[in-house]
**Q** 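The structure's right below; bear with me while I get my questions together.
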Amino acid sequence: MFENIEKDFILPNTLGAMAKTFYVKTAIGLRQDDWYVKPGSKVTGVKVIAEGKKIREVKRLIETYHLPNGEITKVEDWYKVRGTADVTNGIETYKKSELHWYQCENVGKVDFKIKRWGDKS
């Protein structure tokens, strides 16, 4: 479902690896059915909240997501990251909702979910 998600972000080149604002070009589906990151919005306040073996689901991530050449990833390659963005289901929109996702350098961003709902607009 989220195999080539990196194409959906426009990344500024001048910022550090984890201190970026992601500009969303197309809708990014979330674990919550029918909800997605609103196209044209940006994900801000990006921060790593767990690394490697401190991620509870790291074993599942390694089994599910492989490198482009088919090799498996290593525990230390994975990060759990958070940020805020506008989310919508096409009818309702919540601004500044907190999102969590997992990230691996050569795999990309996977398993987006809404952790805290923002202000309804």
**Q** Regarding Y36 and N89, is there a side-chain donor-to-acceptor distance under 3.5 Å anywhere?
**A**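 Note: Y36 and N89 side chains miss the donor-acceptor criterion.
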
**Q** Looking at every heavy atom in both P39 and A27, which two are closest together, and how far apart are they?
**A**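 For P39 versus A27, the nearest heavy atoms are CG-N, 3.7 Å.
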
**Q** Shared ILVMFWY cluster between L67 and L61, side chains joined below 4.5 angstrom?
**A** yes

**Q** Run the salt bridge (Lys or Arg N to Asp or Glu O under 4.0 Å) test against E76 and tell me which residues pass, sequence neighbours left out.
**A** none

**Q** Report the residues that fulfil ring-ring contact (aromatic ring centres under 6.0 Å, His included) with Y94, sequence neighbours left out, ordered by chain and then residue number.
**A** W35, W117

**Q** Listed by chain and number, what are the side-chain hydrogen bond (donor to acceptor under 3.5 Å, both in side chains) partners of R116, not counting sequence neighbours?
**A**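 If we apply the side-chain hydrogen bond (donor to acceptor under 3.5 Å, both in side chains) test to R116, skipping adjacent residues, the hits are E98.
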
**Q** When you look at NZ of K113, are more than 12 heavy atoms from neighbouring residues, nucleotides or ligands closer to it than 6.0 Å?
**A** yes

**Q** About how many Å separate OG1 of T84 and NZ of K42, when rounded to the nearest 0.5 Å?
**A** 9.5 Å

**Q** How many angstroms lie between CD1 in I49 and OH in Y79, if you round to the nearest 0.5 Å?
**A**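 Reported value, rounded in 0.5 Å steps: 14.0 Å.
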
**Q** For a quick test of reading the model, state the closest non-hydrogen atom pair linking I28 to V24 and the distance between them.
**A** CG1-CG1, 3.9 Å

**Q** Shared ILVMFWY cluster between V75 and V107, side chains joined below 4.5 angstrom?
**A**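 Yes; tracing contacts between hydrophobic side chains, which count when under 4.5 Å, links both residues.
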
**Q** Is there a side-chain contact between Y65 and I72 in this structure, where contact means two heavy atoms from C-beta onward sitting under 4.5 Å apart?
**A**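 Not touching, per the 4.5 Å side-chain cut-off.
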
**Q** Under the 3.5 angstrom rule, does the side chain of T73 hit a backbone N or O of D77 as a donor-acceptor pair?
**A**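 Here the side-chain-to-backbone pair does not exist.
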
**Q** Going by the rule side-chain hydrogen bond (donor to acceptor under 3.5 Å, both in side chains), which residues pair with E71 if we only count those two or more places apart in sequence or in a different chain?
**A** N69

**Q** Is there a side-chain contact between V46 and V81 (heavy atoms, below 4.5 Å)?
**A**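 Yes. Closest side-chain heavy atoms under 4.5 Å.
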
**Q** Any non-hydrogen side-chain atom of I114 less than 4.5 Å from a side-chain atom of L99?
**A** yes

**Q** Going by the rule side-chain hydrogen bond (donor to acceptor under 3.5 Å, both in side chains), which residues pair with D34 if we only count those two or more places apart in sequence or in a different chain?
**A** none

**Q** Please name all residues satisfying side-chain hydrogen bond (donor to acceptor under 3.5 Å, both in side chains) with E57, sequence neighbours left out, ordered by chain then number.
**A** R60, Y102

**Q** Supply the atom-to-atom distance T44 OG1 to K96 NZ, rounded to the nearest 0.5 angstrom.
**A** 7.5 Å

**Q** Would you check if there is a donor-acceptor pair between the side chains of T93 and S121 at a distance under 3.5 Å?
**A**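 No donor-acceptor contact under 3.5 Å links the two side chains.
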
**Q** Quick check for you: to the nearest 0.5 Å, what is the distance between T88 atom OG1 and K38 atom NZ?
**A**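 Here the interatomic distance stands at 6.5 Å.
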
**Q** Among L30, V37, D86, V87, find the one that has a side chain to side chain contact (heavy atoms under 4.5 Å, CB included) with S97.
**A** V87

**Q** With the side chain counted from C-beta on, respond yes when E92 and K120 share a heavy-atom pair under 4.5 Å apart, and no when they do not.
**A** yes

**Q** Can you tell me which residue among R31, K80, K109 is in a side chain to side chain contact (heavy atoms under 4.5 Å, CB included) with W101?
**A**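 Exactly one pass, corresponding to K109.
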
